[in-house]
Structure formats: C-alpha cells, structure tokens
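Since this is a predicted model, take the numbers as computed values, not measurements.
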Amino acid sequence: MPTTHTTRMLIVGSGPAGLSAAIYGARAGMKPILVQGIQPGGQLMTTTDVENYPGFRNVIQGPWLMDEMSAQAEHVGTRLMYDTIVDVDLSRRPFRLIGDGGDVYEGDVLIIATGAQAKWLGLDSEDAMKGKGVSACATCDGFFFRGKRVAVIGGGNTAVEEALYLTNHSDDVTLIHRRDSLRAERILQDRLFANPKITVLWNKEVSQFVGGGTPEGLVGIELRDRVSGDVSVVDVEGGFVAIGHSPATEIFRGHVTLDSDGYIEVAPGTTRTSVPGVFACGDVMDKIYRQAITAAGTGCMAALDAERFLAEAEFEHAAMSAA
C-alpha cells in the first residue's frame, strides 16, 4: 500500500549537494526527507581516488566519502529514502512528488540536487579503462598525470578548457576532434592554438582505448581518420573524454525554468528557481565548476535559502491571521 511521507524540507538527490543540504536542514530543525534516487551517493560512488576534497591530507575514496556524508546526514536527523521520483507536482505547496513504487512525498520546500552525468563515447574499452587512465574530469584527475602524455577528446568549450588546464601538469597534451574545426568560443581557440604544449588532431574518431603494462593502465588511443579511413594510435597515459554533460532534469521540464542546455536556472547568487519554494543545487544547476566541493557549497546555500523562505512564509501567514 503506497505511503505518504511529509516533511518541511524535501530533498531529491544524494550526492554532495543533496547531503550537504540535508545536514544543514536537519540542524535547523527541518527534519528533512532525502530521496536518494537511482544512484545513491551520486557520481562520487564511481570515483576512486579523491585528493582535492578539503580536510583530508591523504587520498580518500569517493564511496567512503559519500558513506560518511550519508551517515552524518542521518545522524543529525535526515530520513534517507531508497526511492526514485517519477512524477512531480510543483503547482502548489506542499509540493508533491511520486516515487516509482507509488509512495508520495510532500514537502513545504523542495531542494533539487539530482546532478548531471558526463557523456561518454560508449565504447567497451572505455568502460574497461575508467579509473585506469580514462576520465571525464581533468580538474578532478589531471593531478595524477603529472609529467605524462595525455589526450582530450572533444571540440567544444569543455574540451578546450580541459586541454588548457592539463598543460599545468603535462607538457604533451593532444586534443582529438572528430571534425576539422572546433565548436569552442573563439577566445578559447586562440588560447589553445597559441599554447606550444598542445597538439590538435583533426577528423579523428576514437575506436578504442588501449590498455597495457603492470598494473594495467591506458597506454594509447586508437584513432580512425574520418576522411581517409586510416587507423593510427596515439601513445598517451591519460585520456579525458570531454563531450559534455547531461543534467538530470527531464522530470522537472515544464515545472521549473531550464536553460538551453537543460540545467535548472537559478537567480544569480542564490539557489532559487523560477518556482517560489523550490531550490536547486549542485551539478543540476552548475555547468561550470562541477566539483564535489562546489556542489556541497551550493547544497549549504539551498538549505539556508529554503529555511529563510519558510521563515518568511510563516511570518506572513501569522501576520495575516492576526489581521
């Protein structure tokens, strides 16, 4: 029999953003309910070494960090629900969300922290080499490839920015693009072409990532020329797929305002969405930084914004009742 769960603060998504919002909301007495979604813990559950999260002098594991954040959120009073939201009604408060098993979740405020997923090429060899030299985040993992040959796959702003970033760690960066011109902004292209550490390979399509060595790691990327059909291999130890991200916002389309890339729009400097009482944090609204620490920071912001919204709404209701 479906159950209705009610709370002052309802959170959807259980990565660093959602869990940080839950921790702050629980400490403020909101007794939040957090619906964890299809991947409890978010993208960090598939990340091994984490070396850039503040507070840890040694490398930590992504799943361990998320387990600790989940335990902390529960410890301070968050209810963690293992469910996936399939339908939403944001037309009135309390907001009403439906889980895939039929359970109903109602919240006086809603915090959306459903994140975004990196787009991959879809190769079997890509899956096999993830965490062994293949990554989708140069800012996260570039440090591990200091002094090594690396390549970036893509031709948009993200790819060019990642290639430029990697020159901080490597003197041999190759940008691989399947077309004969880049889609990135002109100013970024100018910086790329002016950097002597970067080589661009045009009209090249990745056919497979090549592993080897002991322990096995990436040793090269096999390429097919889209004009001549010739096959070649570029020798690299790090391969960064930078062909974009997909925000998990489809269920909210038509309910809150999204930008042209599908990310939730928020008022500048806040986490407020187009619907009063609905807030967004983490990668679902941030297509620039996409870091665990920035996601956690916006999760804190969302909880504080939501708490203030409730306080103002309750004050206005009390004033109207007394009039």
Next on the checklist: So if I apply the side-chain contact (heavy atoms from CB on, under 4.5 Å) rule between Y289 and each of T139, T294, T298, which one comes out positive?
Outcome noted: T294

Item to check | Atom pair CZ (F252) and CD1 (I264), whose distance is rounded to the nearest 0.5 Å | outcome: 6.0 Å

Checklist entry - Regarding R146 and the six-membered ring of F144, is the cationic atom NZ or CZ under 6.0 Å from the ring centre and inside 45° of its axis? => result no

Checklist entry - Taking all atoms of both residues into account, what is the closest heavy-atom pair of T84 and G37, and its distance? => result OG1-C, 3.7 Å

Item to check | Close side-chain approach of R178 and R226, heavy atoms under 4.5 Å | outcome: yes

Checklist entry - Roughly how far, to the nearest 0.5 Å, is CG of N157 from CD of Q189? => result 9.0 Å

Item to check | S20 side-chain N/O to G299 backbone N/O, donor-acceptor pair under 3.5 Å | outcome: no

Checklist entry - For S274 and E265, what are the C-alpha separation, side-chain angles and deciding distance, and is it a side-chain contact (heavy atoms from CB on, under 4.5 Å)? => result CA-CA 7 Å; S274 58; E265 289 190 352; over 6 Å; no

Checklist entry - Within the distance-only criterion (no hydrogens, no angle test), does the side chain of Q36 pair as donor or acceptor with the backbone N or O of S14 below 3.5 angstrom? => result no

Next on the checklist: Testing the 3.5 Å rule here: is there a donor-acceptor pair between the side chains of D230 and S228?
Outcome noted: yes

Checklist entry - Do K204 and D225 meet the salt-bridge criterion of a basic N to acidic O distance under 4.0 Å? => result yes

Item to check | Full working for side-chain hydrogen bond (donor to acceptor under 3.5 Å, both in side chains) between E222 and S207 | outcome: CA-CA 6 Å; E222 184 180 283; S207 51; 2.9 Å; yes

Next on the checklist: Does any part of the side chain of T174, heavy atoms only, come nearer than 4.5 Å to the side chain of V150, both counted from C-beta?
Outcome noted: no

Next on the checklist: I'd like to know if the side chain of N168 reaches the main chain of Y165, judged simply by a donor and an acceptor atom lying under 3.5 Å from each other, with no hydrogens or angles considered.
Outcome noted: yes

Checklist entry - Any chance the side chains of D283 and H245 put a donor and an acceptor closer than 3.5 Å? => result no

Item to check | Validation row: T78, I33 side chains within 4.5 angstrom (heavy atoms) | outcome: no

Item to check | 4.5 Å side-chain heavy-atom contact, V104 and L97 | outcome: no

Item to check | More than 12 heavy atoms from other groups under 6.0 Å of NZ on K197 | outcome: yes

Next on the checklist: Assess the residue pair V200 and F193 against the criterion (side-chain contact (heavy atoms from CB on, under 4.5 Å)); give the C-alpha distance rounded to whole Å, side-chain angles, the decisive distance to 0.1 Å, and a yes or no.
Outcome noted: CA-CA 8 Å; V200 181; F193 296 138; 4.1 Å; yes

Item to check | Pair E106-T6, side-chain donor/acceptor within less than 3.5 Å | outcome: no

Next on the checklist: Could you go through T271 and M301, starting from their C-alpha distance and side-chain angles, then the distance that decides it, and tell me whether this counts as side-chain contact (heavy atoms from CB on, under 4.5 Å)?
Outcome noted: CA-CA 7 Å; T271 61; M301 291 170 58; 3.8 Å; yes

Next on the checklist: Whether the Y263 and D286 side chains hold a donor-acceptor pair (N or O, under 3.5 Å, no angle test) is what I'd like checked.
Outcome noted: no

Next on the checklist: So does G262 get a backbone contact from the side chain of T249, meaning a donor-acceptor N/O pair under 3.5 Å?
Outcome noted: yes

Next on the checklist: Tell me whether T7 contacts the main-chain N or O of K31 through its side chain, where contact means a donor paired with an acceptor under 3.5 Å.
Outcome noted: yes

Checklist entry - Does V284 belong to the same Ile/Leu/Val/Met/Phe/Trp/Tyr cluster as L90, with side-chain heavy atoms less than 4.5 Å apart forming each link? => result yes

Next on the checklist: What I'd like to find out is whether the side chain of E126 reaches to under 4.5 Å of the side chain of V206, using heavy atoms alone.
Outcome noted: no

Next on the checklist: Take a 6.0 Å sphere around CZ of R224 and say whether it holds more than 12 heavy atoms from other residues, nucleotides or ligands.
Outcome noted: yes

Checklist entry - When hydrophobic residues are tied together by side-chain contacts of less than 4.5 Å, even through go-betweens, does I85 share a cluster with I11? => result no

Checklist entry - Any idea which heavy atoms bring G29 and R8 closest together, and the distance? => result O-NH1, 4.4 Å

Next on the checklist: Quick check: closest heavy atoms across G25 and A303, and the distance to 0.1 Å?
Outcome noted: N-CB, 3.9 Å

Checklist entry - More than 12 non-hydrogen atoms from neighbouring residues, nucleotides or ligands closer than 6.0 Å to CZ on R290, yes or no? => result yes

Checklist entry - Which heavy atom in D83 sits nearest to a heavy atom in G101, and how many Å separate them? => result OD1-N, 4.1 Å

Checklist entry - Which is it for D87 and R96 under the salt bridge (Lys or Arg N to Asp or Glu O under 4.0 Å) test, yes or no, and what are the steps along the way? => result CA-CA 9 Å; D87 195 15; R96 182 181 175 91; over 6 Å; no

Checklist entry - Between S70 and M66, is there a donor-acceptor pair closer than 3.5 Å when you use the side chain of the first and the backbone of the second? => result yes

Checklist entry - Salt bridge between D171 and R149, side-chain N to carboxylate O under 4.0 Å? => result no

Checklist entry - Does G147 offer a backbone N or O that forms a donor-acceptor pair with the side chain of S170 under 3.5 Å? => result no

Item to check | R183 side, atom CZ; T158 side, atom OG1 - distance, nearest 0.5 Å | outcome: 9.0 Å

Checklist outcome for this item: Between H255 and V275 the two heavy atoms that sit nearest each other are O-CG2, 3.2 Å

Checklist entry - Under a single-linkage definition using a 4.5 Å side-chain heavy-atom cutoff for Ile, Leu, Val, Met, Phe, Trp and Tyr, are L218 and I243 assigned to the same hydrophobic cluster? => result yes

Next on the checklist: Using side-chain heavy atoms (C-beta onward) and a distance below 4.5 Å, is I176 in contact with V234?
Outcome noted: yes

Next on the checklist: I need the minimum non-hydrogen distance between A159 and V152, along with the two atoms involved.
Outcome noted: O-CG1, 3.6 Å

Next on the checklist: In terms of relative ring orientation, are W64 and F56 parallel, tilted or perpendicular, with 30° and 60° separating the classes?
Outcome noted: perpendicular

Checklist entry - Does atom OH of Y24 have more than 12 heavy-atom neighbours from other groups under 6.0 Å away? => result no

Next on the checklist: Determine whether W202 and R179 satisfy the following criterion, side-chain contact (heavy atoms from CB on, under 4.5 Å), listing intermediate values before the conclusion.
Outcome noted: CA-CA 6 Å; W202 303 104; R179 296 185 175 87; over 6 Å; no

Next on the checklist: Regarding T270 and D305, do their side chains bring together a donor and an acceptor under 3.5 Å, going by distance alone?
Outcome noted: no

Next on the checklist: Please report the interatomic distance CG(L164) to CG(N195), rounded to the nearest 0.5 Å.
Outcome noted: 6.0 Å

Next on the checklist: Just verifying a value: how many Å separate L10 CG and R79 CZ, rounded to the nearest 0.5 Å?
Outcome noted: 10.5 Å

Checklist entry - Taking side chain as C-beta onward, heavy atoms only, is W120 less than 4.5 Å from V134? => result yes

Item to check | In one Ile/Leu/Val/Met/Phe/Trp/Tyr side-chain cluster, 4.5 Å: F309, L304 | outcome: no

Checklist entry - When clusters are formed by joining ILVMFWY residues with side-chain heavy atoms under 4.5 Å apart, either directly or through shared neighbours, do L201 and L166 land in the same one? => result no

Item to check | Heavy-atom side-chain proximity of D108 to R93 below 4.5 angstrom | outcome: yes

Item to check | Spacing of D141 atom CG and F143 atom CZ [to the nearest 0.5 Å] | outcome: 12.0 Å

Item to check | Check: F145 ring centre within less than 6.0 Å of F240 ring centre | outcome: yes

